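Notes follow the structure.
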There are 2 protein chains.
Amino acid sequence: MAPASTRPTSRDVAQAAGVSQAAVSLVLGDKWRGRVSATTAERVREAARDLGYRPNLAARNLRLGRTRTVLLVVPVLTTEFFAGVYTGAARVAAEHGFGVVLYPSPEGIGPARDPFASAQAALDGVIASSMAADALTAIRGDQLPLVMLDSDPEGSLGAATVNLDIADGVRQVAEHLLGLGHRDFLHLAADVPSWTFEVRARELAARVGSVAGTSVRTTRAPISIEGAQAAAEAALADPGSRVTALVCDDDKLAAGAYKAARRLGLRIPDDLSITGLDDLALATAIDPELTTVRLDAELFGEHGMRALLAVLDGRVPEEGDIPVELVVRGSTGPPGAA
Amino acid sequence: MAPASTRPTSRDVAQAAGVSQAAVSLVLGDKWRGRVSATTAERVREAARDLGYRPNLAARNLRLGRTRTVLLVVPVLTTEFFAGVYTGAARVAAEHGFGVVLYPSPEGIGPARDPFASAQAALDGVIASSMAADALTAIRGDQLPLVMLDSDPEGSLGAATVNLDIADGVRQVAEHLLGLGHRDFLHLAADVPSWTFEVRARELAARVGSVAGTSVRTTRAPISIEGAQAAAEAALADPGSRVTALVCDDDKLAAGAYKAARRLGLRIPDDLSITGLDDLALATAIDPELTTVRLDAELFGEHGMRALLAVLDGRVPEEGDIPVELVVRGSTGPPGAA
DNA sequence: CGCATGAGGTTTTACGTATAACGTCCTCTG
DNA sequence: CAGAGGACGTTATACGTAAAACCTCATGCG
């Protein structure tokens, strides 16, 4: 018996089954029909099972020149949202025999950091979200098939893009609030330079601006509950403020806004209506429950992976943004309901 | 010029620099001192840079017989906690030239699912959290070095374990509540068979039970806000209930308990003190802010990875649980403060 | 002078797999 | 009954890398 420390190879299986290594490869690769008899094939499979044989992926990858592994680049993983994106992408990948490796960029990727240094596996393609342009060009230089998530279709260096229909979500929020009678808006915006946030600002301004007698102020905050609380408190404390509707770039910012409102003695939604965007677990944990736009993160990841598979396959990925849905809960109501 | 579609190999670099492939390997592998002149080495590096050479990982892995890639098995990724574990593990891994591949087991791993099917990369080792025993033995059968997170040190088939000091956290919670004067406890327990939850129940019973005149009831719920709300509401609605302190197995359950309390008209903490465990973003988003036990997920991941690196290195991983910390906030106070 | 030593390389090999190219028989058909 | 082809394999090769083994000069030293 060979030393237990070294794993059996296809040659070991061949020897055990009394055939050549090539036959083992044919049988286990399911390419044996017409080449190997059914009884021999069964003998090979049995030997493989007995020995606990597992193909050496490194050797296979080398031989085939592909790895069936893709890289997913996300800003930070420690959020429900991107964890969901990963889960969706990984599920579709697994269905097609692919694996997904993560590259969570801690502080945005700069030229000094190499997205591939941490990806030990060789890669067949890349799905990237919200990346700095320099890292993007570094990837392009590698000639790897690339799909961009939530980024400007115009400025993506020709890469395929898969986007959530954020603009439509903001449109729904604006119309919901306008319909309730709100006229004075505050936009609590994420302090992050990313196309997905630019879209929010642009669409909100366009929708609200199309109605006479309205106003939209903007204040920026880092994406954290504390940061949002501070920014919202400062903006709302302004004595001249007549704001009745606070539109937040995401749910975390909205959670911060809740605390700001509480400290200022503003009741939600009587004195101030608040909306979020994401629909995290957070949204139903706070009181009142948050009116927000549901983004299906897993679906987003699934679409991203499907698009990449299409590119790898030489096909053209489907066009079209992923629909989002306004979920109305208790944090919005008519202004001045007191 | 070679077709742009095929990436340059070390042989291409060698040709460009006018040396042999071996020389390229020596220089780029930083093993050239005393074997190649400094000027030649520089010439090789320049050629590599010009061609945009990147070593083929599959070939390297095959040659070296190791991949510097480990698998992290987590119950679900879509939670702050396990996303944090990944982030910590990946950081330490990167520092040592390792990569981390994820295996998120959707519904607990059964024998039908193969933890390795989705891991395209060949693996050097495994870090596993809260796994079903059958998958565990499957992994053991592969002879891969294994580190278990938060699992029974006695029943881990001889694998190294890295644990958070959950018992101490529960102890701190119990003493905090006992010190405030609480005597009637309800334990809102996670409906998941896992060692880490068993520890909570055992320790709570031991601590509270050591004081005369106390009682602990238990009710179980799935780990979701809705499930927790339903279970807590049912348990608290019992007219004979004199419960003043509700100890939850994690923050998400606590968030559900908040909603149950609200619906029953119980004020927090005046009528009911509530504690959680995790210290997610959720904990400071709800009102009042949640008294909970802070688990440092990233640190947990770091320790797990360090332990695995030690095993891979033939060393013995450090012993000792990772300390946790009670964070007292507004959700706990003396009983009957009304 | 004779030979060890070391600098500066090159040639060769192995890692484990997938598959193209190549052999045997044996049977069927015209 | 010749030979075409199918059934059932085997042999040989390449993927790109790391590193062991080897080679060739100078130079130094006794």
Side-chain angles (χ1 to χ4, degrees), chain A residues 2-3 5-45 47-48 51-69 97 120-124, chain B residues 2-3 5-45 47-48 51-69 97 120-124:
Chain A
S5 62
T6 186
R7 295 190 2 175
T9 72
S10 62
R11 211 173 306 271
D12 296 331
V13 175
Q15 191 170 358
V19 297
S20 70
Q21 179 266 330
V24 173
S25 184
L26 288 172
V27 171
L28 269 34
D30 210 31
K31 299 203 162 64
W32 58 278
R33 261 159 293 252
R35 320 263 284 112
V36 176
S37 71
T39 56
T40 305
E42 186 48 44
R43 193 150 37 90
V44 168
R45 275 188 288 262
L51 293 176
Y53 169 72
R54 287 185 177 281
N56 180 319
L57 278 309
R60 172 178 294 172
N61 290 341
L62 174 59
R63 173 67 231 249
L64 296 178
R66 57 182 165 70
T67 57
R68 292 188 167 273
T69 298
Q120 288 299 319
L123 302 171
D124 282 355
Chain B
S5 63
T6 185
R7 295 191 0 175
T9 72
S10 61
R11 212 173 306 271
D12 298 330
V13 174
Q15 191 170 357
V19 297
S20 70
Q21 179 267 331
V24 173
S25 182
L26 288 172
V27 170
L28 269 35
D30 210 32
K31 298 203 163 63
W32 57 279
R33 261 158 293 253
R35 319 263 284 112
V36 176
S37 72
T39 56
T40 304
E42 186 48 42
R43 192 151 36 90
V44 168
R45 274 188 290 261
L51 293 176
Y53 169 73
R54 287 185 178 280
N56 180 318
L57 277 310
R60 172 179 292 173
N61 291 342
L62 174 58
R63 173 67 233 245
L64 296 178
R66 58 183 164 70
T67 57
R68 293 190 164 271
T69 298
Q120 287 300 320
L123 302 172
D124 282 355

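These figures come from a predicted structure and were not determined experimentally. Letters A, B, ... mirror the listed sequences (proteins, then strands); counts begin at 1.
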For R66(B) and D124(B), indicate whether the former's side chain and the latter's backbone hold a donor-acceptor pair under 3.5 Å.
-> no
For D12(B) and T9(B), indicate whether the former's side chain and the latter's backbone hold a donor-acceptor pair under 3.5 Å.
-> yes
Minimum-distance nucleotide (side-chain atoms of L64(A) versus dT17(D), dG9(D), dT19(C)) = dT19(C)
State which of dG9(C), dT17(D), dT17(C) makes the closest approach to the side chain of N56(B).
->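 My answer, after comparing the listed nucleotides, is dT17(D).
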How many Å lie between [atom1] on [X] and [atom2] on [N], as a whole number?
X      : N       : atom1 : atom2 : value
L62(B) : dT13(C) : CG    : P     : 18 Å
R66(A) : dG16(D) : CZ    : P     : 15 Å
R11(B) : dT11(C) : CZ    : P     : 11 Å
D12(A) : dC15(C) : CG    : P     : 11 Å
R60(A) : dT17(C) : CZ    : C1'   : 8 Å

Residue set satisfying salt bridge (charged side-chain N to carboxylate O under 4.0 Å, His left out) with R43(B), at least two apart, ordered chain then number -> none
For dG9(C), does either OP1 or OP2 sit under 4.0 Å from a side-chain N or O belonging to T40(B)?
-> yes
N/O (side chain, S37(A)) to phosphate O (OP1/OP2, dC8(D)) under 4.0 Å |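 The answer is no; no side-chain N or O of S37(A) sits under 4.0 Å from OP1 or OP2.
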Sequence neighbours left out, what pairs pass salt bridge (Lys or Arg N to Asp or Glu O under 4.0 Å) with at least one residue falling in residues 14-27 of chain B?
-> none
Where is the tightest heavy-atom contact between S10(B) and Q21(B), given as atom of each residue plus distance?
->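 Smallest heavy-atom distance, with atoms named: OG-CG, 3.3 Å.
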Could you tell me whether the side chain of L28(A) reaches within less than 4.5 Å of the side chain of Y53(A), counting heavy atoms only?
->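 Yes, at least one pair of side-chain atoms sits under 4.5 Å.
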Any residue of residues 14-36 of chain B with a heavy atom less than 4.0 Å from an atom of DNA chain D | Q21(B), A22(B), S25(B), K31(B), R35(B)
